[in-house]
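What follows is a set of notes on a single structure, which appears directly below.
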Number of protein chains: 2
Amino acid sequence: MRSEDIAKLAGVSRSTVSRVINNYPNVPAATREKVLRIIEQHHYEPNSFARALAGKGTDTIGLFAISMNENEDESRIYQNSYFAPIVDIVVDTANAQGFYVLIHTIYSPDDFQKVKQAFQQKRIDGGILVGTQRDINFVSDMLGEGAPLVLIDYDITEIINERLDKDHLSIINSRDYEGTVEAIEYLINLGHQEIGIIKGRMSTFSGRERFLAYENTLKKHGLPIHDHFVLSGDFLKENAYREVVRMLDSGKLPTALFCSNDAMAISAMDALIQHGVTIPDDISIVGFDDALLASHVSPKLTSVRLPIDEMSRAAVEKIIELCQSGQSAFSTISFPTQLIVRDSCKSLSN
Amino acid sequence: MRSEDIAKLAGVSRSTVSRVINNYPNVPAATREKVLRIIEQHHYEPNSFARALAGKGTDTIGLFAISMNENEDESRIYQNSYFAPIVDIVVDTANAQGFYVLIHTIYSPDDFQKVKQAFQQKRIDGGILVGTQRDINFVSDMLGEGAPLVLIDYDITEIINERLDKDHLSIINSRDYEGTVEAIEYLINLGHQEIGIIKGRMSTFSGRERFLAYENTLKKHGLPIHDHFVLSGDFLKENAYREVVRMLDSGKLPTALFCSNDAMAISAMDALIQHGVTIPDDISIVGFDDALLASHVSPKLTSVRLPIDEMSRAAVEKIIELCQSGQSAFSTISFPTQLIVRDSCKSLSN
DNA sequence: CTGAAAGCGCTTACAG
DNA sequence: CTGAAAGCGCTTACAG
């Protein structure tokens, strides 16, 4: 069943059928009704490719998760507490608005090419990019294809410095800096003076923000930052485990450890407990993300909640808006975090 | 840049360019090389819609997760320990083979329509359906669209009884029956005689299999099945929690409880612990799925590992095979499970 | 082995 | 308000 068949049945031309389908104003109500009825009756669905070829959108958005880290386990990204909820919300929100979503993971430059192709071949109307590391080239490449783009977790200043054409770009962030400050000050208020950190991936905006906030907050409160309490974790639990064991071997432990994400926090807890260290009696732990696991480990993990649901929803709404309006001004939204206090921190005050 | 441009540059016709792109044999090596070179040089990508319109495939497969359960929390499906790894593996495996994947969740009949449309509009070459409940109509509807279909977790006998055209259908299952038998006999060997169950969703193949195996195994060993130890959980943690609390209130507890999935097992553990019941001293718990959480709760959960990764990979390989070969015979694969013994069960023997 | 032409099913100026 | 016609960028008989 093609538009031509509908046209015949309705006694009009394909042009008119098309006008009805696309909701153009210049069709009398009566004609519109008639055509609509025939369409309904026959469960007619316009061929999406023909529409796309003729210049219409595809009602499909892309969701691309970048994970180009040499030592990362390649195939666990959607079980990752960070990506899983994004997929979740993005798919549901987009679906609810009548959009399909095309998913592709980027583990390698090859994958990146495939994603570029998806844009070039016009398979999608726009894309959401998550996990972008500090590399503006990707972003400008994508942008060059002319399709709208939404970035989750990206440093705005980099975009601005590069003077990219930002007309169909939008950035969604969380206030990780403030969230980290809150977490660190919570520990300080508990009486902690020796506060360590497991850093996230520093090529990542959130990785840098969380570390910067840690540094600045300690400085602000006149507390020392010991190199041997600053561990590199790259957001990876294996690294966190290894680094914590190394710290244990060195014989020195801070009284509190801020972990740049929950995966690392939980891994650190495992390492500590296995070495006979008690949490929170011997050491307090704070995580970041408030992943599902956080409330299930023991002791329950105090963590900074990342508003990942809201962020994902905003990303979809933004991309759809950009797809539909042609373009709009560059925009950026930043969502607040929230410290969720559980049982992994102890007060030293009494 | 269109195929015509490539043709001009290469001094051939669009027909020949097309032949090269589609790897047809009737092109001399020299011509092929020449065309290929030009394509490379200009980073030419054939428009996917034009190809599709002209009758070629779309190199896209659909992944559709059905979750039409009234009382289920609507937007958590990909964080679900069952679906998350499927998304994971399906996306990665498909991507690695050069296929894109379109994801849509089915919460309502409306969503189901959208998925049917995806088939009708030829947006995808084939689809993977997961979470299908006992409703053959869906399956036959999809099959009616003529596209290949792979079902994960579906009772083959239903398909056979319906005499559906199975030429482009494939089913991927796990041996849940055997897995459950192994789990129950493990409990029996530990000395348990009063073994309860929290049932899964009985409209689901795996839900029925797990229950059936439970029943048959107890019978086989001459053990009683008490109605009040048979709880309905529908695979949902809220239900499991409620039912366990109800059982606690009744004052009678089995010595062991088999839970049809880990989500319910963990929820049951929460309920029991909160009511002062100690695991495994007062009651032994076995789960099913071996979800990520299983090894993180305390005590660590003994669970039947579901080979979901292998199943997902097989589903993708099968669907791609079906897409490419046009069609092949009906096939079905069933993967073995494995009992992972951890700390949630106690021996009563001594 | 290869090109001209028809066709896939839409949309959109254009003319009326 | 509406239809005929061109066009979107491919593929594929068909003829040679």
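Scanning all heavy atoms of the two residues, the minimum distance from B:Leu143 to B:His168 falls at O-NE2, 3.6 Å.
If you check residues 17-27 of chain A against DNA chain D, the residues with a heavy atom closer than 4.0 Å are A:Arg19, A:Asn26, listed by number. For residues 31-60 of chain A, proximity to DNA chain D is found at A:Thr31, A:Leu53, A:Ala54, defined as any non-hydrogen atom under 4.0 angstrom from a strand atom.
For the side-chain contact (heavy atoms from CB on, under 4.5 Å) with A:Ile128, the qualifying choice from A:Val101, A:Ile172, A:Ile86, A:Leu63 is A:Leu63, the only one to do so.
Checked against salt bridge (charged side-chain N to carboxylate O under 4.0 Å, His left out), B:Glu310 has the following partners two or more places apart in sequence or in another chain: B:Arg305. B:Glu162 pairs by the salt bridge (charged side-chain N to carboxylate O under 4.0 Å, His left out) definition with nothing, not counting sequence neighbours. Every residue was checked against the salt bridge (charged side-chain N to carboxylate O under 4.0 Å, His left out) condition with B:Lys114, not counting sequence neighbours, and none meets it. Looking at residues two or more places apart in sequence or on another chain, you find a ring pair (Phe, Tyr, Trp, His ring centres under 6.0 Å) between B:Phe49 and A:Phe49. Scored by the ring pair (Phe, Tyr, Trp, His ring centres under 6.0 Å) test, B:Tyr100 finds A:His104 as partners (sequence neighbours excluded).
Mapping B:Arg2 and A:Gly11 onto DNA chain D by nearest heavy atom places A:Gly11 closer to the 5' end of the strand.
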Indicate every side-chain donor-acceptor pair of residues 3-10 of chain B with a distance under 3.5 Å to a residue at least two apart or in another chain.
unit_1 : atom_1 : unit_2 : atom_2 : d
B:Asp5 : OD1    : B:Arg2 : NH2    : 3.4
B:Asp5 : OD2    : B:Arg2 : N      : 2.7

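Judged purely by atom type and a 3.5 angstrom limit, A:Ser18 has no side-chain atom pairing as donor or acceptor with the backbone of A:Arg14.
B:Ser15 comes within 4.0 angstrom of a base, heavy atoms only.
Sorted by first then second residue, the side chain to side chain donor-acceptor pair (under 3.5 Å) pairs that include residues 50-66 of chain B, not counting sequence neighbours, are A:Arg123-B:Thr60, B:Asn22-B:Arg51, B:Tyr24-B:Lys56, B:Thr58-B:Asp125. Sorted by first then second residue, the side chain to side chain donor-acceptor pair (under 3.5 Å) pairs that include residues 27-42 of chain B, not counting sequence neighbours, number zero.
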Dot-bracket assigned to DNA chain D with the 3.5 Å Watson-Crick/G-U criterion, [ ] for crossing and | for other-strand pairs, is |||.||||||||.|||
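Along DNA chain D, read 5' to 3', the first and last nucleotides having any atom under 4.0 Å from a heavy atom of chain A are D:dC1 to D:dG9.
Residues A:Asp153 and A:Thr204 have side chains in contact (heavy-atom distance under 4.5 Å, counting atoms from C-beta outward). Counting heavy atoms from C-beta on, the side chains of B:Ile39 and B:Ile21 come closer than 4.5 Å.
For the C1' atom pair drawn from C:dT12 and C:dG16, the interatomic distance equals 16 Å after rounding to whole Å.
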